[in-house]
**Student:** 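Have a look at this one.
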Amino acid sequence: QNNLLMAAAANASGGGAAPTIVENSALFVPANGESLTRTEVAGTSTTKQFISFWFYWTDSGYDALQFLFECDDGSSSNRDYITTQTTGKLNFISITGGSQKANLATTQVFRDIGWYHIELILDTTKAVATNRQILIVNGERVTAFGTETKFSLNDTFGALGSVGDTFRWGAYLGSPYYYFDGYIAEIVRIDGDPAGISTGEYDTTGLYWTPKSSTAIKALTFGNNGFYLDNTTNAQTDASGEGHNFTNNNTVVTTTNTPTNIEALNNSLVRGNVTFSNGNRTMVFAGGSYDTQPSTLVMPEGIGKWYCEYTNTTLASSSAYAIGDPAYPKMGTNDGGTINDNANGYSYNEGGTKVTNGSGSSYGSSWTSGDIIGIAYDAVNGSLWFSKNGTWQASATSAEITAGTTTNAAFTGITGDKIFAAVVGSTGACTSNFAADDWNYTAPTNFVALNTTNIAAATTRTASDTNKYFQTTTYEG
């Protein structure tokens, strides 16, 4: 279900029901020690709560212990929290007086690239024990647990609603903090009866799980500690109308990568000897042979005009930035293979050459540490251009790229689906600027960022079956 929103966007572009648009998410970067915190007041309820959010984890998120949220009294004895586990599973735990009152550890793993919607429904007054703690993912109740400890009737929470306790997003109370690595959006908490509440819904086709509108969410009764972090102005401001703002620690920023607009990022599921950070936008290569690291999203054959940039932070010999075949077999293998080794890969190399099918020829200026390489790919006409620090190479101009004039293009006649890719060896480092807000230079007219909104807008759909254009691939690694 991770990719349902991509399909929903395609459905909307073809005349179906348009999903709610989420403009921004909050990006949590562990290296900066980022978190959002707020002090609890006397709760409307200490037996009933509703907490929901969308999250997209990055880098080691799918195989590391990280805290999505925690409420605690400053000790490990009284706390309520949800974590990701080292196995890619989710875990909700409530502890009171040092004893576990509830524990839901999923058997299902959550390691795909994309957004998950989590709803946690807590009501310890329920007569049926399994209904006292309910975990819902993408609109489906989770029923398979490796561990399932249930609240006793009328149990009170470890920390939720207790005066002076701290509610944290993205961090743990003690060393080593277990900071969350990724994006969180549409955070909602109801301090009180959760009956009948959901912050997601299927669209009118009944196929696609989407966020509810902000109007519908703001109409909820939030209670003494409730809040709605919609990230419209920043990560910490409560949009519920209650004024329950958070403290932003070490600057959690907002981004345009959201559940309804999935931006291209570097793909951490296909990785060689690389460390990812900054929301899977920055990559540091740790030595060894060359490594090709792809983008998460594909530029469909014949569809759209696309632009991105790579900031070459630290130069490594024979580095390149490219487009290429999504099925290139040596992607992320760190075995010396590069995506421009075959006829479906096209790159601009640090020495100033352009390379395809393993063969290089003179093209433009060389580049080094600190330089920014732009890539403009016209998938409609199969033409490709590269820039260095805003200057198009081989005497190309933005006007001629916009016009489709290919006299000074790096490559023409390109066919097939393509991805953006960084080819870096040794100890090089780079940051991808896929989102338009991250660009340093102006793209040629009608060239846009690679995201699901723009893919859908560029797609003229003649079939009613959206699966022709958007399909879910099961990751089995």
Side-chain angles (χ1 to χ4, degrees), residues 1-12 16-22 25 48-57 61-62 68-69 82 84 88-92 104-123 126 128 130-145 148 182-190 193-220 226 228-231 257-262 452-453 456 465-467 470-475:
Q1 292 184 338
N2 258 356
N3 297 315
L4 290 184
L5 286 168
M6 292 178 64
N11 185 59
T20 294
I21 302 302
V22 176
S25 67
K48 300 179 180 183
Q49 297 280 311
F50 174 91
I51 298 171
S52 72
F53 54 94
W54 294 77
F55 80 99
Y56 181 129
W57 54 24
Y62 54 85
L68 286 156
F69 80 80
I82 287 183
T84 67
K89 301 172 183 178
L90 293 177
N91 194 190
F92 163 70
L104 299 180
T106 68
T107 57
Q108 182 180 356
V109 296
F110 302 91
R111 58 188 179 188
D112 292 339
I113 290 173
W115 286 89
Y116 291 102
H117 183 224
I118 305 299
E119 294 178 288
L120 181 65
I121 300 171
L122 305 177
D123 184 350
K126 291 287 187 181
V128 178
T130 53
N131 290 336
R132 295 171 192 156
Q133 54 289 300
I134 296 174
L135 181 64
I136 297 174
V137 179
N138 293 347
E140 299 291 332
R141 180 171 176 173
V142 179
T143 57
F145 298 102
E148 186 177 14
Y183 303 82
I184 305 179
E186 294 295 286
I187 298 172
V188 176
R189 177 184 173 189
I190 303 301
D193 192 352
I197 296 175
S198 178
T199 54
E201 62 185 354
Y202 285 99
D203 75 343
T204 55
T205 70
L207 297 175
Y208 311 118
W209 187 252
T210 66
K212 279 191 174 178
S213 69
S214 61
T215 300
I217 292 173
K218 290 176 182 178
L220 297 171
Y228 173 31
L229 303 183
D230 66 354
N231 304 306
N257 180 35
T258 76
T260 61
N261 180 54
I262 303 172
T452 54
T453 299
D465 180 9
T466 57
N467 286 330
F470 295 94
Q471 294 187 7
T472 298
T473 299
T474 301
Y475 173 70

**Student:** Quick check: do Glu186 and Tyr228 have side-chain heavy atoms less than 4.5 Å from each other?
**Tutor:**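 SC-SC contact between Glu186 and Tyr228 confirmed.
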
**Student:** Between Trp57 and Phe110 (side chain of the first, backbone of the second, donor and acceptor by atom type, cut-off under 3.5 Å), is there such a pair?
**Tutor:**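 A pair under 3.5 Å: yes.
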
**Student:** Answer yes or no: is there a donor N or O on one side and an acceptor on the other, between the side chain of Thr106 and the main chain of Phe145, under 3.5 Å?
**Tutor:** no

**Student:** Just so I know, are the side chains of Lys89 and Gln108 near enough to count as touching, which here means a heavy-atom distance under 4.5 Å?
**Tutor:**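 Not touching, per the 4.5 Å side-chain cut-off.
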
**Student:** Under 6.0 Å between ring centres: does that hold for Trp54 and Tyr56?
**Tutor:**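 No, too far apart.
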
**Student:** How close do Glu119 and Ser52 get, counting heavy atoms only, and between which atoms?
**Tutor:**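 Nearest pair, atom of Glu119 first, then Ser52: CG-CB, 3.8 Å.
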
**Student:** side-chain contact (heavy atoms from CB on, under 4.5 Å) with Thr107: which residues, sequence neighbours excluded?
**Tutor:** Ala144

**Student:** Side-chain contact, heavy-atom cut-off 4.5 Å: Ser25 with Phe55?
**Tutor:**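 Not touching, per the 4.5 Å side-chain cut-off.
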
**Student:** With distance as the sole test, does Asn91 use its side chain to make a donor-acceptor pair with the main-chain N or O of Leu104 at under 3.5 Å?
**Tutor:**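 Checked: pair present.
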
**Student:** Please tell me if the side chains of Leu90 and Tyr116 come closer than 4.5 Å, counting only heavy atoms from C-beta onward.
**Tutor:**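 Contact flag for Leu90/Tyr116 side chains = no.
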
**Student:** How far does CD1 of Ile187 sit from CD1 of Ile217, to the nearest 0.5 angstrom?
**Tutor:**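 So the CD1 of Ile187 and the CD1 of Ile217 are separated by 11.5 Å.
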
**Student:** Can you name the residues that form a side-chain contact (heavy atoms from CB on, under 4.5 Å) with Ile197, not counting sequence neighbours?
**Tutor:** Phe50, Ile190, Leu220

**Student:** Is the closest side-chain heavy-atom distance between Thr210 and Glu201 below 4.5 Å?
**Tutor:** yes

**Student:** With a 3.5 Å distance limit and no angle check, can you tell me whether Asp203 reaches the backbone of Thr205 through a side-chain donor-acceptor pair?
**Tutor:** yes

**Student:** Mind checking the CG-CG spacing from Leu122 to Asn131? Nearest 0.5 Å is all I need.
**Tutor:** 12.0 Å

**Student:** Could you measure the distance from the OG1 atom of Thr453 to the CD1 atom of Ile262? Nearest 0.5 Å is fine.
**Tutor:**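 So the gap between those two atoms works out to 9.0 Å.
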
**Student:** Do Ile134 and Leu120 have side chains that approach each other closer than 4.5 Å (heavy atoms only, starting at C-beta)?
**Tutor:** no

**Student:** The criterion is side-chain contact (heavy atoms from CB on, under 4.5 Å); which residues satisfy it with Thr130, sequence neighbours excluded?
**Tutor:**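 Result, side-chain contact (heavy atoms from CB on, under 4.5 Å) vs Thr130: Val128, Arg141, Glu148, Lys150.
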
**Student:** Are any side-chain N or O atoms of Arg132 and backbone N or O atoms of Lys126, one a donor and one an acceptor, separated by less than 3.5 Å?
**Tutor:** yes

**Student:** Rounded to the nearest 0.5 Å, how far apart are CG of Leu68 and CZ of Phe92?
**Tutor:** 13.0 Å

**Student:** When you compare the side chain of Pro211 with that of His117, does any pair of heavy atoms fall below 4.5 Å?
**Tutor:** no

**Student:** To check you understand the geometry: which heavy-atom pair defines the closest contact between Asn231 and Ile184, and what is its length?
**Tutor:**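 Heavy atoms only, the tightest pair is ND2-O, 3.7 Å.
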
**Student:** Flag the pair Ile136 / Ile118 as yes when at least one side-chain heavy-atom distance between them is below 4.5 Å, and no otherwise.
**Tutor:** no

**Student:** Donor-acceptor pair, distance only, cut-off 3.5 Å: does the side chain of Lys48 make one with the backbone of Pro194?
**Tutor:** no

**Student:** Identify the two heavy atoms, one from Thr258 and one from Val22, that lie closest to each other, and give their separation to 0.1 Å.
**Tutor:**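 Nearest pair, atom of Thr258 first, then Val22: OG1-O, 2.8 Å.
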
